[in-house]
Amino acid sequence: MSENRRDAPFFMTATTQFGLEEVLAQELRALGAKIEKVGQRAIEFTGTKQLLYEANLWCRTAVRILKPFAGFYARDEKALYREVGRIDWQDYIRPDQTFAITAVVNKSTFEHSLYVAQLTKDAIVDQFRNRTGSRPSVDVKNPDIRLHLHMIENDVVLSLDASGDSLHRRGYRQQTNVAPLNEALAAGIILLTGWDGKKPFIDPMCGSGTLLTEAALIAQRIAPGLYHQGKFSFQNWADFDQSLWDSVLMDARSARIEEPQAYLAGSDLSREYIELARENVAAADLEDYIRLGVRDVKDAQAPKNEPAGIVVSNPPYGERIGEEAQMEALYKTIGDTLKTGFQGYDAYLFTGNLEAAKRVGLKASRRIPLFNGPIDCRLLKYELYQGTRKVSKPE
């Protein structure tokens with residue numbers, strides 16, 4: 001067993017999407033992290049190198065895992081260049097490696113994050129050139145080392161980005177010409193419902209199947225990072241521990257449950273979407289766990305001989321001009337289907353069209369604010385009682 005399993009804890013930051021902070025904090029706690037602060041779209045925590053590796057593999061709602069290593073105040077350009085130059089960059093980057101810098105600037109006298117990133121890059125490159133006569137190259141698309149600079153009111157924190165490609169890009173998507181939910185948001189929606197991974201999970205408007213795929217990963221205890229394409233950035237760090245990483249990977253692979261844990265089913269009116277969903281499900285090696293079929297939402301109903309479960313769906317928002325009446329009719333149909341076909345279930349609709357959602361004709365018992373890209377959305381919970389409970393009037 002590697003000594004690094006007992007190494008000293010250090011600070012890390014996990015970034016996520018708005019509204020998923022508490023969900024991610026809970027994921028990190030489950031891995032053994034000590035949560036220091038739950039901020040907006042970011043969780044600060046402490047843990048060991050093993051935790052850093054596991055967080056990249058297991059966190060379903062994380063976008064990036066960062067390891068801060070330097071902080072300073074920079075009142076102007078000269079100060080920023082000087083402070084960056086004081087860091088011994090050979091501790092983090094080899095001359096034969098490539099690197100890239102992402103800068104985020106808030107409430108600062110520096111107006112442009114690209115300029116801050118450029119100035120930082122110059123200070124790093126100049127140090128290498130002065131000391132060794134050679135310098136690492138910049139590669140913005142696929143660098144060996146990713147650096148993250150966060151400046152708020154001229155206070156700078158520099159971090160190593162442990163993840164590399166964004167963790168929401170699981171790698172099982174076969175086509176990107178449609179605009180489905182991103183995978184971290186889909187997982188977050190499911191975790192917000194409190195679904196136990198055992199009850200039936202139905203998506204009657206499943207599109208390319210992202211919600212169903214993420215549900216299967218949760219139910220079968222599959223680490224989403226196992227689908228990550230290429231290396232994680234921490235594998236290029238000077239202190240990378242191959243034996244520890246092999247151990248963490250082996251643990252993750254052996255955690256997978258082969259026996260189906262829940263009834264998972266999705267349908268969509270579009271045959272094209274269902275074919276795309278089948279391709280994605282196959283790429284994730286989940287064909288044994290998810291049932292898919294072409295069906296109009298008005299014909300969807302709960303599976304027979306199964307206990308009541310949950311319905312989770314992301315219906316269209318109708319973003320084009322002139323689609324208002326069409327969307328209102330669609331959401332009324334969704335409401336009718338939920339009332340007649342899914343009694344005893346809990347239903348969750350994730351939508352960016354709150355006007356059309358009023359046509360569902362059920363009173364939402366929870367309304368959770370989230371974003372889908374730039375679109376202000378809500379996750380609406382409806383409790384679909386059995387028997388005589390009256391249907392509420394539209395909100």
I would like to know whether M205 and N314 meet side chain to side chain contact (heavy atoms under 4.5 Å, CB included); could you show each step before the answer? CA-CA 7 Å; M205 305 182 76; N314 174 39; over 6 Å; no

For L244 and Q50, what are the C-alpha separation, side-chain angles and deciding distance, and is it a side chain to side chain contact (heavy atoms under 4.5 Å, CB included)? CA-CA 7 Å; L244 177 61; Q50 180 180 345; 4.2 Å; yes

With side chain to side chain contact (heavy atoms under 4.5 Å, CB included) as the test, would you mind laying out the steps for R146 and T102 before giving the verdict? CA-CA 8 Å; R146 289 178 188 264; T102 301; 5.7 Å; no

Start with the C-alpha distance between L249 and R253, add both sets of side-chain angles, then the distance that settles side chain to side chain contact (heavy atoms under 4.5 Å, CB included), and finish with yes or no. CA-CA 6 Å; L249 265 181; R253 287 176 180 139; 4.0 Å; yes

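In the hydrophobic clustering of ILVMFWY residues, with side-chain heavy atoms under 4.5 Å counting as a link, I152 and F11 come out apart. Note on F240: it clusters hydrophobically with L57, by side-chain heavy-atom contacts below 4.5 Å among ILVMFWY residues. Transitive grouping of hydrophobic side chains (ILVMFWY, heavy atoms separated by less than 4.5 Å) brings I189 and I368 into a common cluster. Following chains of ILVMFWY side-chain contacts shorter than 4.5 Å, one can reach V38 starting from M12, so the two form part of one hydrophobic cluster. One hydrophobic cluster, built from ILVMFWY side chains closer than 4.5 Å, cannot hold both I257 and L286; they sit in different ones.
For T210, the side chain to side chain donor-acceptor pair (under 3.5 Å) test picks out R173, with sequence neighbours left out. Qualifying ring pair (Phe, Tyr, Trp, His ring centres under 6.0 Å) partners for Y331, counting only residues two or more places apart in sequence or in other chains: none. The side-chain contact (heavy atoms from CB on, under 4.5 Å) search around T15 returns V63, R64, L66, not counting sequence neighbours. For the side chain to side chain donor-acceptor pair (under 3.5 Å) test, no residue two or more places apart in sequence or in another chain qualifies with T340.
Taking the side chain as every heavy atom from C-beta outward, L191 and I218 approach each other to under 4.5 Å. Using a 4.5 Å cut-off on side-chain heavy atoms (C-beta onward), L192 and L20 make contact. Between L147 and L160 the shortest side-chain heavy-atom distance falls below 4.5 Å. Counting only heavy atoms from C-beta outward, the side chains of N353 and E323 never approach each other to under 4.5 Å. Two residues are said to be in side-chain contact when any heavy atoms from C-beta on lie closer than 4.5 Å; V156 and V116 fail this criterion. Counting heavy atoms from C-beta on, the side chains of L51 and P9 never come closer than 4.5 Å. Q118 has its side chain within reach of D122: a pair of non-hydrogen atoms, C-beta onward, lies under 4.5 Å apart. When side chains are defined from C-beta on, V84 does not count as touching L119, because their heavy atoms never get closer than 4.5 Å.
S247 places no side-chain N or O within donor-acceptor distance of the main-chain N or O of S243, the cut-off being under 3.5 Å. Side-chain atoms of N56 never come within 3.5 Å of backbone atoms of G225 as a donor-acceptor pair (strictly under, hydrogens ignored). Judged by distance alone, with hydrogens and angles left aside, the side-chain atoms of D296 form no donor-acceptor pair with the main-chain N or O of D299 at under 3.5 Å. Judged by distance alone, with hydrogens and angles left aside, the side-chain atoms of S208 form no donor-acceptor pair with the main-chain N or O of L276 at under 3.5 Å. Not one N or O on the side chain of Q229 forms a donor-acceptor pair closer than 3.5 Å with the backbone of D165. Q261 places a side-chain N or O within 3.5 Å of a backbone atom of E259 that can act as its donor or acceptor partner. Side chain of E27 to main chain of R60: a donor-acceptor pair is present (N/O by atom type, distance under 3.5 Å, no hydrogens or angles). In this structure, Y317 contributes its side chain and I375 its backbone to no donor-acceptor pair below 3.5 Å. Looking only at distances, a side-chain donor or acceptor of T16 sits under 3.5 Å from a matching main-chain atom of T61. Checking side-chain atoms of N154 against main-chain N and O of A74 turns up a donor-acceptor pair under 3.5 Å.
Taking each heavy atom of G266 and L212 in turn, the nearest pair found is CA-CD1, 3.4 Å. Residue S134 comes nearest to P95 through the heavy atom pair OG-CB, 3.7 Å, listed as atom of the first residue, atom of the second, then distance. In terms of heavy-atom proximity, F10 sits nearest to L52 at CE1-CD1, 4.0 Å. Heavy atoms only, all atoms of each residue included: A55 and L28 are closest at CB-CD2, 4.1 Å. For the residue pair S365 and E383, the shortest heavy atom distance occurs at OG-OE2, 3.1 Å. Here the closest non-hydrogen pair linking I35 and A25 is CD1-O, 3.8 Å.
Note that the CG atom of L149 and the NZ atom of K121 stand 14.5 Å from one another [nearest 0.5 Å]. One distance of note links CG of L292 with CD1 of I290; it measures 6.5 Å at 0.5 Å rounding. Interatomic distance, L362 CG to L380 CG, rounded to the nearest 0.5 Å: 10.5 Å. Atoms CG and CZ, on L217 and R256 in that order, are 8.5 Å from each other to the nearest 0.5 Å. Separating the NZ atom in K332 from the CD1 atom in I334 is a distance of 12.0 Å, to the nearest 0.5 Å. The distance from the CD1 atom of I190 to the CH2 atom of W195 is 7.0 Å, given to the nearest 0.5 Å.
For residues 72-107, the pairs satisfying ring-ring contact (aromatic ring centres under 6.0 Å, His included) are F69-W89, F69-Y92, W89-Y92, with sequence neighbours left out. Judged as a salt bridge (charged side-chain N to carboxylate O under 4.0 Å, His left out), the pairs with a partner in residues 84-109 (not counting sequence neighbours) are, in order, E83-R86, D88-R131, R94-D96. The ring-ring contact (aromatic ring centres under 6.0 Å, His included) contacts involving residues 136-171 comprise nothing, where partners must be two or more places apart or lie in separate chains. Residue pairs meeting the ring-ring contact (aromatic ring centres under 6.0 Å, His included) criterion with at least one partner in residues 109-143, sequence neighbours excluded, do not occur; the list is empty. Pairs passing the ring-ring contact (aromatic ring centres under 6.0 Å, His included) check and including a residue from residues 335-359, sequence neighbours excluded, read F342-Y345. Counting only residues at least two apart or on different chains, the side-chain hydrogen bond (donor to acceptor under 3.5 Å, both in side chains) pairs with a member in residues 213-224 are R170-E214, Y172-E214. Pairs passing the side-chain hydrogen bond (donor to acceptor under 3.5 Å, both in side chains) check and including a residue from residues 29-46, sequence neighbours excluded, read Q26-R29, K34-E36, E36-T46.
Here the rule is side chain to side chain contact (heavy atoms under 4.5 Å, CB included) with F232, and of I65, L167, D161 only L167 fits it.
Hydrophobic cluster membership of F371, counting Ile, Leu, Val, Met, Phe, Trp and Tyr whose side-chain heavy atoms lie under 4.5 Å apart directly or via other members: F18.
Atom CD of E275 is surrounded by more than 12 heavy atoms from other residues, nucleotides or ligands within 6.0 Å.
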